[in-house]
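This report refers to the structure that appears directly beneath it.
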Amino acid sequence: QVQLVESGGGLVQAGGSLRLSCAASGLTFTRWTMGWFRQAPGKEREFVAAIEWRNGDRYYADSVQGRFIITTDNVKNSVDLQMNSLKPEDTAVYYCAADYRGGTPRVAGEYDYWGQGTQVTVSS
């Protein structure tokens, strides 16, 4: 059974940094695409970043390009999201997701499994 558990969310001032981590179990990492999505109140879930575990290709939303970095840790079986230069508009619940079928990394509907989410709040 695949399980994804996010951690690392919290409250931070604008310009600060946070590091989210997603601990994954029940999957063979070399065959998966792992993604981060976020959802703010009253808004649809949106793509943030993704990484293809088999080749390391990374994808970022334009809004976070240059500020966020997605990485994997094969020892810990985790995928992390380093978030720098945070802005109030980054405030949202952040979700980790796993895609086994190799679909389009930016599309939420392509992902097979989801974590429970972790809250990130950026104050101005």
[X] to [Y] - nearest heavy-atom pair and separation:
X: Ala14; Y: Ser124; answer: CB-CA, 4.3 Å
X: Leu20; Y: Trp36; answer: CB-CH2, 3.7 Å
X: Val93; Y: Gly117; answer: CG1-CA, 3.8 Å

Separation of [Y] [atom2] from [X] [atom1] (nearest 0.5 Å):
X: Arg67; Y: Ser85; atom1: CZ; atom2: OG; value: 7.0 Å
X: Ser63; Y: Lys87; atom1: OG; atom2: NZ; value: 8.0 Å
X: Tyr94; Y: Gln39; atom1: OH; atom2: CD; value: 12.0 Å
X: Leu86; Y: Thr121; atom1: CG; atom2: OG1; value: 11.0 Å

Side chain [X], main chain [Y], donor-acceptor under 3.5 Å:
X: Arg106; Y: Val48; result: no
X: Arg101; Y: Glu110; result: yes
X: Arg58; Y: Ile70; result: yes
X: Asp73; Y: Asn77; result: no
X: Thr91; Y: Val122; result: yes
X: Tyr111; Y: Pro105; result: yes
X: Arg19; Y: Ser17; result: no

Looking at side-chain heavy atoms only, is the closest gap between [X] and [Y] below 4.5 Å?
X: Ser78; Y: Cys22; result: no
X: Cys96; Y: Met34; result: yes
X: Tyr113; Y: Trp32; result: yes

Would [X] end up clustered with [Y] when hydrophobic side chains under 4.5 Å apart are linked, directly or stepwise?
X: Ile69; Y: Met83; value: yes
X: Tyr95; Y: Ile51; value: no
X: Val64; Y: Phe37; value: no

Requested in this report: Give the intermediate values and the outcome of side-chain contact (heavy atoms from CB on, under 4.5 Å) for residues Phe68 and Asp90.
Outcome: CA-CA 11 Å; Phe68 291 11; Asp90 293 318; 4.0 Å; yes
**Report entry** Any donor-acceptor N or O pair under 3.5 Å, side chains Thr71, Asp80
**Finding:**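 Result is no, nothing qualifies.
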**Report entry** Side-chain H-bond candidate by donor/acceptor type, Asn55 with Glu52, under 3.5 Å
**Finding:**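 Yes, because at least one side-chain N or O of Asn55 sits under 3.5 Å from a partner of the opposite role on Glu52.
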Report task. Determine whether the aromatic ring centres of Phe47 and Tyr59 lie less than 6.0 Å apart. Result ->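 Aromatic pair excluded; centres sit 6.0 Å or further apart.
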Query raised in the report: Is it true that the NZ or CZ of Arg45 lies under 6.0 Å from the centre of Trp114's six-membered ring and within 45 degrees of the ring axis?
Result: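 Yes, Arg45 and Trp114 form such a contact.
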Query raised in the report: Given Trp53 and Thr72, is the side-chain contact (heavy atoms from CB on, under 4.5 Å) satisfied, shown in steps?
Result: CA-CA 8 Å; Trp53 218 302; Thr72 59; 3.6 Å; yes
Query raised in the report: Does the distance from a Lys or Arg side-chain N to an Asp or Glu carboxylate O, for Glu46 and Arg38, drop under 4.0 Å?
Result: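 Yes, charged N to carboxylate O under 4.0 Å.
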**Report entry** Nonpolar side-chain network containing Val107, other nodes, edges under 4.5 Å
**Finding:**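 Result for Val107 is none, singleton.
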